[in-house]
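Structure first, commentary second.
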Amino acid sequence: MTEALVTAVSAVLRDLYGWEASPELQPTRKEFEGDATLVVFPFLKLSRKSPVETANEIGAALLKATPLFTRFNAVQGFLNLVLASDQFESLFDALRSSADWGCWPVDAELPAAMVEFSSPNTNKPLHLGHVRNILLGHSLSRILEASGRKVVKVQIINDRGVHICKSMWAWQHFGDGMTPESAGQKGDHWVGTFYVRFDQEYRAQVRELMDAGHPEDYAKNHAPCMLEVQEMLRKWEDRDPEVRALWSTMNEWVYAGFNTTYKRLGIVFDRNYYESETYLLGKQDIEAGIQSGVFYRRDDGSVWIDLREDGLDEKLVLRSDGTSVYMTQDIGTAIQRFKDFSINRLTYVVGNEQDYHFRVLFLILKKLGYPWADELYHLSYGMVDLPNGRMKSREGTVVDADDLLDEMEASARSLSEELGKTEGLSEPEKAKLYQVLGHGALKYYILKVDPRKRMVFNPEESIDFNGHTGPFIQYSHARVRSILRKSEGLPSSWSWADVRLDERSKDLIQTIYRFPEVVEQAARTYSPAVVAQFAYDVAKAFNAFYQVNSILNAESEALIAFRVDLSRATASSLRRALDLLGIEAPERM
RNA sequence: GGCCUCGUAGCAUAAUUGAAUAAUGCAUCGCACUUCUAAUGCGACGAGUGCAGGUUUGAAUCCUGCCGGGGCUACCA
């Protein structure tokens, strides 16, 4: 709803009842006549009349006060207002006057917003869970940019610790000196096989020790391979050149693999943080915090914070031997980031199993007195389940990201060829199209769900191209573009004097008009799902319009020109909305 | 045990953060292509929102209890 409507309605409410708050106008449900609806229940105590009488009273006053409305009807406590046709005309004038309707100009003065996402470990390839994380992080970044912020995208790579030492140990023993190239494997997958190989070896050794009569605890702590891995970790920390060399070689393999997947998904980071460089951060901040009384040291030397007054527990921030825990490092890294960049906001895209961690982290930073602590946000997304339950690596049900993308592209190919839609395209064009469609299906399937909710990933539904899906929206876009291509050279001038709006056109205009509010809401609620819903609404509204209105064969030249303009606005809104989701909009499909 | 979270048609998701007869898609059944891409549109069928109370003019949304799923509860997060 436009400003004008809201101000007109509030003026009348002030006159009538002395009501000062801003009224809530909502779109009228389709089953009633009207475009905007005012809920009148809140005014009953002031009007001291029945809901219908009150609605009629307000409606009559509005008609008298403003030309914005032509009619109204009162149904129970709902006042349905019919907008004057010229209101839709000005909506359309507004939305097509802007070259990028829906995107707010970037405020260069404002510090950037940082978004951390993906943040993988370097011991195994990316899987479906990372995919949700990555898609959310990327889309959120785009949405924040569209809402007028500069954005800094970062990931923190967990490149050190026992996990990578396990892979290193296994490669030393079973790798035969082979590299991803010589093995013909993607680097992250290659390293991942050694992580798995280590686990097999470890379990065998534990079993052996137990068979020799040792208790389970002992066996787990004394398996030779595990002792060697721990020794390797110690050497890593002592910067042993040999260990460090192998470590960086294997991590490089992994990064090459990750980068291939990121590139495929269209993901770019502005800055990578590596734990090997940040894991010592935070200790000084803890010391400082002890001085200021935020933390306290126990007799054994460990350092804690007492959050019981805040409804949480006591939390360790430094071990008794002086080494860090994750919290220590996260405190230091957050502080570091505000030094590294001119930012005033930091969002972590991390699964909801870490809700507690982030509550504590943010609270600690607040207590340490950082003014930006209020601008930290944990976009806590739900786990991705498969139709038969949770992904379990031990049961081999983990969905690999690369495999998934392959399957999506293959499905797009077979479906498109079955429909015979790709005649005349070169093979590279086809490959590109199938990638765009397959990824579009996957991305939309994941992003249309509220990030906070746990979701079920059904492989069969995810490759669906009909209904509430990415390809449906892409298809709608392609159809509009096809019409626009054919409209080239036709007369393009028209005026409102020659055009009267039908209901479908009004719906379409009203839908597209919401774009800026949608972006604002998506940014405010950190929810790409809001944009996903909008894109679907636009596609549906256009298809409904298209079904009953001929565009290129409309009755008059003016009407053709108008409808072409409306189609153009539709296409660009669709393209931009999809772009905010990280989805490409093909010209034809 | 404590804390956090979720429970909406057969399935998957919505519901502008408290408003109208709970929306959309899939599935099922039916209708519409000599017309700008039918990967489309239109219609039918299908839930009263886990259960029981409460607050409110009004509750899927808020409160209480119970049932059920998930997460966290380590000097790992």
Side-chain angles (χ1 to χ4, degrees), chain A residues 1 24-32 37 39-42 44-45 51 75-78 80 158 161-162 298 300-304 311-313 315-321 323-327 329-330 350-361 380 382-383 385 387 389-390 412 415-416 418-419 421 437 445 448-450 452-458 460-462 464-469 471-472 474-476 478-487 514 517-518 521 525 529-530 533 536-537 539-540 543-554 560 563-564 567 588-589:
Chain A
M1 297 298 120
E24 67 175 271
L25 278 171
Q26 47 188 272
T28 303
R29 290 190 153 224
K30 334 173 229 343
E31 59 263 43
F32 303 101
T37 292
V39 181
V40 304
F41 292 110
L44 296 186
K45 338 172 196 41
V75 181
Q76 299 171 47
F78 298 86
N80 301 319
N158 189 355
V162 273
R298 286 189 182 168
D300 63 5
S302 59
V303 180
W304 297 72
L312 305 173
D313 298 323
K315 188 75 192 173
L316 176 93
V317 293
L318 216 50
R319 293 195 182 97
S320 51
D321 63 4
T323 55
S324 297
V325 289
Y326 272 88
M327 191 63 74
Q329 193 182 139
D330 283 351
V350 177
N352 64 10
E353 69 273 13
Q354 293 192 36
D355 283 355
Y356 185 75
H357 176 73
F358 281 102
R359 277 179 74 187
V360 171
L361 174 64
S380 161
M383 198 157 287
D385 285 322
R390 199 175 165 170
L415 194 60
S416 298
E418 196 179 307
L419 291 170
K421 292 274 189 174
L437 296 181
Y445 181 82
K448 75 175 175 182
V449 181
D450 182 338
R452 280 151 269 269
K453 293 195 177 168
R454 204 183 175 93
M455 66 173 286
V456 176
F457 182 87
N458 184 327
E460 283 157 33
E461 285 178 11
S462 70
D464 202 336
F465 280 34
N466 302 315
H468 191 181
T469 66
F472 166 84
Q474 291 173 314
Y475 175 66
S476 306
R479 283 211 302 194
V480 187
R481 290 297 308 160
S482 168
I483 291 164
L484 291 173
R485 280 192 301 275
K486 290 181 178 162
S487 75
R514 283 177 33 230
E517 302 166 27
V518 164
Q521 190 197 344
T525 60
V530 174
Q533 184 62 47
Y536 180 62
D537 290 341
K540 272 194 82 155
N543 287 334
F545 162 80
Y546 173 88
Q547 197 71 23
V548 298
N549 292 309
S550 183
I551 295 167
L552 300 177
N553 297 311
I560 293 174
R563 287 181 179 162
V564 166
S567 302
R588 54 168 292 189
M589 61 186 274

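Naming: A, B, ... by sequence-line order, numbering from 1 per chain. Predicted model only: the values in this text are computed from it and were never measured.
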Can you check the [X] [atom1] to [N] [atom2] distance for me, whole Å?
{"X": "A:Asn553", "N": "B:rU34", "atom1": "CG", "atom2": "C1'", "answer": "14 Å"}
{"X": "A:Lys45", "N": "B:rU56", "atom1": "NZ", "atom2": "C1'", "answer": "11 Å"}
{"X": "A:Phe465", "N": "B:rA39", "atom1": "CZ", "atom2": "C1'", "answer": "8 Å"}
{"X": "A:Asn466", "N": "B:rU28", "atom1": "CG", "atom2": "P", "answer": "12 Å"}
{"X": "A:Asp537", "N": "B:rU16", "atom1": "CG", "atom2": "C1'", "answer": "11 Å"}
{"X": "A:Lys540", "N": "B:rG25", "atom1": "NZ", "atom2": "C1'", "answer": "8 Å"}
{"X": "A:Asp321", "N": "B:rC76", "atom1": "CG", "atom2": "P", "answer": "10 Å"}
{"X": "A:Leu44", "N": "B:rG58", "atom1": "CG", "atom2": "P", "answer": "12 Å"}

Salt bridge (charged side-chain N to carboxylate O under 4.0 Å, His left out) with [X]: which residues, sequence neighbours excluded?
{"X": "A:Arg454", "result": "A:Asp385"}
{"X": "A:Arg29", "result": "A:Glu31"}
{"X": "A:Arg481", "result": "A:Glu587"}
{"X": "A:Arg452", "result": "A:Asp450"}

Exercise. Between the base of B:rC36 and the side chain of A:Ser482, is there a donor-acceptor distance below 3.5 Å?
Worked result: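 No, the side chain and the base share no sub-3.5 Å donor-acceptor pair.
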By side-chain hydrogen bond (donor to acceptor under 3.5 Å, both in side chains) - contacts of [X] (at least two apart):
{"X": "A:Asn549", "answer": "A:Asp502, A:Arg563"}
{"X": "A:Glu461", "answer": "none"}
{"X": "A:Arg319", "answer": "A:Thr323"}

Provide the distance between the two [atom1] atoms, one in [N] and one in [M], to the nearest whole Å.
{"N": "B:rA47", "M": "B:rA27", "atom1": "C1'", "value": "16 Å"}
{"N": "B:rG18", "M": "B:rU28", "atom1": "P", "value": "38 Å"}
{"N": "B:rG53", "M": "B:rG71", "atom1": "P", "value": "32 Å"}
{"N": "B:rC62", "M": "B:rU16", "atom1": "P", "value": "11 Å"}
{"N": "B:rA15", "M": "B:rG25", "atom1": "P", "value": "16 Å"}

Sub-3.5 Å pairs of nitrogen or oxygen atoms, protein against nucleotides 19-21 of chain B:
unit_1	atom_1	unit_2	atom_2	d
B:rA20	N6	A:Thr37	OG1	2.9
B:rA20	N6	A:Asn80	OD1	3.1
B:rA20	N1	A:Asn80	OD1	3.1
B:rA20	N1	A:Asn80	ND2	3.4

Practice task
Please answer whether B:rU40 and A:Tyr546 are stacked, defined here as ring centres separated by less than 5.5 Å and planes angled under 30°.
Solution key: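 No, aromatic ring not over the base.
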Do side-chain atoms of A:Tyr475 reach the backbone of A:Asn466 as a donor and acceptor pair under 3.5 angstrom?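 Here the side-chain-to-backbone pair does not exist.
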- A:Ser302 side chain to A:Arg298 backbone, donor-acceptor under 3.5 Å: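 It does not hold such a pair.
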Q) What is the glycosidic conformation of B:rG48: syn, defined as within 90° of 0, or anti? A)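 Classified syn.
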Review point. Is the glycosidic torsion of B:rU17 within 90° of 0, making it syn, or is it anti?
Key: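 Syn, angle within 90° of zero.
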Under 4.0 Å, counting only non-hydrogen atoms across every strand here, what does [X] touch: a base, just sugar-phosphate, or nothing?
{"X": "A:Ile483", "answer": "sugar-phosphate"}
{"X": "A:Met327", "answer": "sugar-phosphate"}
{"X": "A:Ser416", "answer": "base"}
{"X": "A:Asn549", "answer": "base"}

Could you list, one pair per line, each protein nitrogen or oxygen that sits under 3.5 Å from a nitrogen or oxygen of nucleotides 2-13 of chain B, together with the distance?
unit_1	atom_1	unit_2	atom_2	d
B:rU13	OP1	A:Val456	N	2.8

Any side-chain N or O of [X] under 4.0 Å from OP1/OP2 of [N]?
{"X": "A:Asn543", "N": "B:rU40", "value": "no"}
{"X": "A:Arg298", "N": "B:rC75", "value": "no"}
{"X": "A:Lys315", "N": "B:rA74", "value": "no"}
{"X": "A:Arg514", "N": "B:rU16", "value": "no"}
{"X": "A:Lys486", "N": "B:rC36", "value": "no"}
{"X": "A:Arg479", "N": "B:rA38", "value": "yes"}

Just the table, please: protein N/O against nucleotides 62-64 of chain B N/O, every pair under 3.5 Å.
none

What do the steps show when you test A:Asp537 against A:Gln533 for side-chain hydrogen bond (donor to acceptor under 3.5 Å, both in side chains), and what is the final call? CA-CA 6 Å; A:Asp537 290 341; A:Gln533 184 62 47; 3.1 Å; yes
Quick test: give all pairs of protein nitrogen or oxygen and nucleotides 30-33 of chain B nitrogen or oxygen below 3.5 Å, distance rounded to 0.1 Å.
none

Annotated structure of RNA chain B as dot-bracket, pair cut-off 3.5 Å, Watson-Crick or G-U only, | for inter-strand, is (((((((..((((.....[...)))).(((((.......))))).....(((((..]....))))))))))))....
| No-hydrogen, no-angle side-chain donor-acceptor test under 3.5 Å, A:Thr469 and A:Asp464 |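 Judged by distance alone, the side chains do not pair up.
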